[in-house]
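Some notes on the structure that comes next.
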4 protein chains.
Amino acid sequence: MATAPTSPNALRGRPRNLAANRQILDAVRALLAERGYSALTIEGVAARAGVAKSTVYRRWTTKADLVVDAVVDTLAPLFDAHPGASPQDLLRALVDALGRPEARAAFLAVISEAAVDPVVRERAEHLLIDPSRRLVERCSATVASTVASTVDPDLLFDVVAGAVIHRVLVRGADADEAFVRGLLDLVGVPR
Amino acid sequence: MATAPTSPNALRGRPRNLAANRQILDAVRALLAERGYSALTIEGVAARAGVAKSTVYRRWTTKADLVVDAVVDTLAPLFDAHPGASPQDLLRALVDALGRPEARAAFLAVISEAAVDPVVRERAEHLLIDPSRRLVERCSATVASTVASTVDPDLLFDVVAGAVIHRVLVRGADADEAFVRGLLDLVGVPR
Amino acid sequence: MATAPTSPNALRGRPRNLAANRQILDAVRALLAERGYSALTIEGVAARAGVAKSTVYRRWTTKADLVVDAVVDTLAPLFDAHPGASPQDLLRALVDALGRPEARAAFLAVISEAAVDPVVRERAEHLLIDPSRRLVERCSATVASTVASTVDPDLLFDVVAGAVIHRVLVRGADADEAFVRGLLDLVGVPR
Amino acid sequence: MATAPTSPNALRGRPRNLAANRQILDAVRALLAERGYSALTIEGVAARAGVAKSTVYRRWTTKADLVVDAVVDTLAPLFDAHPGASPQDLLRALVDALGRPEARAAFLAVISEAAVDPVVRERAEHLLIDPSRRLVERCSATVASTVASTVDPDLLFDVVAGAVIHRVLVRGADADEAFVRGLLDLVGVPR
DNA sequence: CTATAAGCGAGACGGTACGTCTGGTCTTGTG
DNA sequence: CACAAGACCAGACGTACCGTCTCGCTTATAG
């Protein structure tokens with residue numbers, strides 16, 4: 001998960017401070033959770049991270065870029081393969097990850113920016129949407145489902161991911177076990 | 001759907017220019033579609049609307065407030081009762097409305113702000129989420145559905161609205177007739 | 001002392017509220033003493049006078065105009081003839097009048113505006129400078145001075161009025177009896 | 001005569017553009033002469049100086065501060081010691097300096113603000129009044145005057161400076177050689 | 001051991017927008 | 001007509017960040 005692009009010639013000159021990357025992304029997540037995307041400023045991030053403004057700009061070109069990486073950084077473990085995990089476990093993990101305050105503020109902000117900025121869109125698609133789609137597909141593959149295997153994969157993805165997003169992000173409601181179970185029932189995943 | 005709050009005592013002093021309301025909201029929608037939420041500025045709105053900045057601030061206190069009203073203003077007809085409309089028609093109308101460029105940029109921005117600003121949250125809930133929920137409920141009530149009537153109404157709302165939002169707003173994909181039909185099939189609405 | 005210009009046809013329609021004139025000028029003086037000229041606003045004056053903004057604008061066209069009248073209004077008694085008054089008495093009265101807080105803030109502000117705005121200059125010359133010159137000339141005429149009668153009247157005016165202004169307004173120092181006496185000695189007015 | 005305060009720690013960060021100081025003060029003087037103090041805006045100064053608004057605010061906190069420095073900047077050479085100069089020369093130089101249009105508008109503006117703002121008063125006293133007082137005292141010290149040496153120094157200062165100010169600034173009249181000679185005669189400076 | 005190269009903190013730079021305030025004008029209803 | 005009220009357009013206020021640019025200094029590799 002290469003977040004910050006490396007400098008053109010990483011072997012010459014003083015190497016970048018690796019700790020700064022983490023400090024910056026932590027600051028982004030903290031500020032996102034506290035104040036939201038539109039109140040997030042690069043200056044604020046730098047100050048919170050204890051880093052010069054130029055250090056942030058050297059690594060990320062855009063506020064949106066920075067936020068995408070901050071989000072991906074926390075969702076990454078979720079997207080990695082989880083051999084042997086049940087659909088219910090995976091869905092539960094997704095719900096938990098998106099429910100974290102910094103993810104709530106950030107995720108839809110990124111999507112909203114993506115609607116208007118093609119660069120953000122590409123990154124968001126590549127780093128957020130595609131992995132979550134693969135997650136859903138892995139689920140449906142692991143079960144001998146009667147419905148999930150017949151339904152259009154596009155629709156299945158929209159229904160499962162959409163329901164989670166709508167419940168957790170849009171409505172900000174609690175996604176309890178009943179929700180997860182009900183959703184899986186609806187798409188035909190056997191208990 | 002009274003959008004702009006009226007002045008404290010509307011009978012005293014020079015009355016507000018009613019035309020300005022429409023000019024402002026039109027400008028908001030145009031700029032949202034062109035540049036997106038985070039590039040939207042009150043100064044830009046005022047300039048585009050041909051109105052003084054103070055005229056905007058007199059009527060809306062917040063960029064988010066203004067955007068909520070701009071979105072509601074276009075979605076309002078959708079939320080009004082449509083006697084005799086089939087679920088398929090209603091869902092189709094919803095998909096079309098959300099697919100318009102200014103709605104795409106605005107809707108998720110509003111939700112994203114709502115995650116962090118309680119005032120926005122309350123307005124969004126009242127003016128956007130609740131009406132769309134009633135729309136879904138009206139649908140499920142009009143059909144003798146085998147599934148939709150047994151499934152939890154909360155879940156039904158999340159699945160239907162979520163699938164639309166995910167398809168149209170998050171993924172930015174085309175929501176064709178097959179999608180609408182497939183979604184209705186999944187929740188058990190008979191053809 | 002016609003302060004507010006009368007309306008074109010004063011006999012038709014509702015007559016002006018005469019009390020408002022005094023309320024406005026009082027408010028001007030109070031605010032001048034408290035905040036100074038550059039912090040003086042028409043809105044503030046209207047609010048303090050308990051009068052609508054338009055009532056002020058109907059009577060004065062300019063902030064400087066308004067201030068000139070406010071100052072003249074308090075200096076007027078000084079400029080009227082004082083038969084039998086000694087030069088010392090007249091000078092003392094001038095010093096006292098200019099030393100009042102609202103006069104301090106206003107007088108030089110008016111002069112400063114006058115340096116740049118011909119309309120203000122004409123009013124200031126007519127209503128402030130000329131009368132005070134006549135005051136000084138009345139003084140020198142009443143005494144059989146050895147010096148004051150031989151010195152150029154222009155210079156005499158500059159020296160007497162200038163010394164007072166410099167002591168009271170520019171330096172903001174106390175103008176005691178010794179100052180008045182010393183100044184008269186210098187220009188040759190016998191005790 | 002250090003006008004603009006230096007930054008707290010001048011050795012860190014990018015150094016200030018020294019040329020900007022002069023550009024700004026030049027702009028202030030030009031605008032003062034053209035439009036006067038109350039029409040002077042920081043935005044206008046910045047625009048005229050070809051400098052960002054923040055660059056002005058970084059160096060001066062107040063419009064009055066800025067004007068004080070602009071005035072001092074032009075009067076400074078006058079206040080420096082002029083060994084061998086006659087009182088007549090010095091007075092002539094003072095008259096000429098104050099008679100310049102930008103000085104006229106600025107000087108009275110500063111005094112007028114000083115009457116109401118203690119910070120301005122202190123700066124004006126320190127940078128304008130005290131030096132000009134020393135100038136007058138140097139004059140009276142260089143001559144074996146019969147009057148100037150017996151008269152109260154306070155009064156002498158008020159009379160000389162006051163006469164110049166009244167003639168040049170208040171009345172806006174021409175201060176010719178006769179005025180200078182007459183004033184010196186009056187206070188007893190021998191030819 | 002000394003270039004050379006890049007990172008870093010600090011902070012100034014020209015800009016843009018913020019949300020507020022005032023100026024001066026206008027448009028109502030009421031007296 | 002005058003007046004209070006308050007909306008209107010215009011534009012300055014002083015602040016906050018933007019993204020860029022110097023600085024002096026530090027920390028690496030390459031010669």
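Naming convention: chains lettered A, B, ... in sequence-line order (proteins, then strands); numbering from 1 in each chain. Please read all numbers here as calculations on a predicted model, not as lab measurements.
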What nucleotide, of dT25(E), dC13(F), dA17(E), holds the atom closest to the side chain of Y57(C)?
-> dT25(E)
Measure distances between side-chain N and O atoms of K53(D) and base N and O atoms of dG15(E), and say whether any donor-acceptor pair falls under 3.5 Å.
-> no
Return yes if the base of dC21(F) and the side-chain atoms of R14(D) contain a donor-acceptor N/O pair under 3.5 Å, otherwise no.
-> yes
With DNA chain F as reference, determine whether N17(C) or S54(A) sits nearer its 5' end, using the nearest nucleotide of each.
-> N17(C)
Given DNA chain F, 5'-ward residue of the pair T41(D) and A52(C), judged by closest heavy atom | A52(C)
Distance only, no hydrogens: is a donor on one side chain within 3.5 Å (strictly under) of an acceptor on the other, for T74(D) and E102(D)?
-> no
Distance test, side-chain N/O of [X] to OP1/OP2 of [N], below 4.0 Å:
X      : N       : value
R12(B) : dG29(E) : no
R58(B) : dC8(F)  : yes
R59(A) : dC8(E)  : yes
T55(A) : dG9(E)  : yes

Salt-bridged, R29(B) to E34(B), with N to O below 4.0 Å?
-> no
Ion pair present between R123(B) and E113(B), side-chain N to carboxylate O less than 4.0 angstrom?
-> no
Within this structure, what is the [atom1]-to-[atom2] distance between [X] and [N], rounded to whole angstrom?
X      : N       : atom1 : atom2 : value
I42(B) : dC18(E) : CD1   : P     : 6 Å
E43(A) : dT15(F) : CD    : P     : 15 Å
L11(D) : dG24(F) : CG    : P     : 9 Å
L66(B) : dC18(E) : CG    : C1'   : 15 Å
N21(B) : dA7(F)  : CG    : C1'   : 13 Å
L31(A) : dC17(F) : CG    : C1'   : 14 Å
D65(A) : dG19(F) : CG    : C1'   : 15 Å
L18(A) : dA28(F) : CG    : C1'   : 13 Å

4.5 Å side-chain heavy-atom contact, L40(D) and R35(D) | no
Comparing nearest nucleotides in DNA chain E, the 5'-proximal residue of the pair K63(C), G44(B) is G44(B)
Nearest-nucleotide 5' precedence on DNA chain E, A20(D) against A20(A) = A20(A)
Please indicate whether R121(B) has more than 12 foreign heavy atoms, meaning atoms of other residues, nucleotides or ligands, lying under 6.0 Å from its CZ.
-> yes
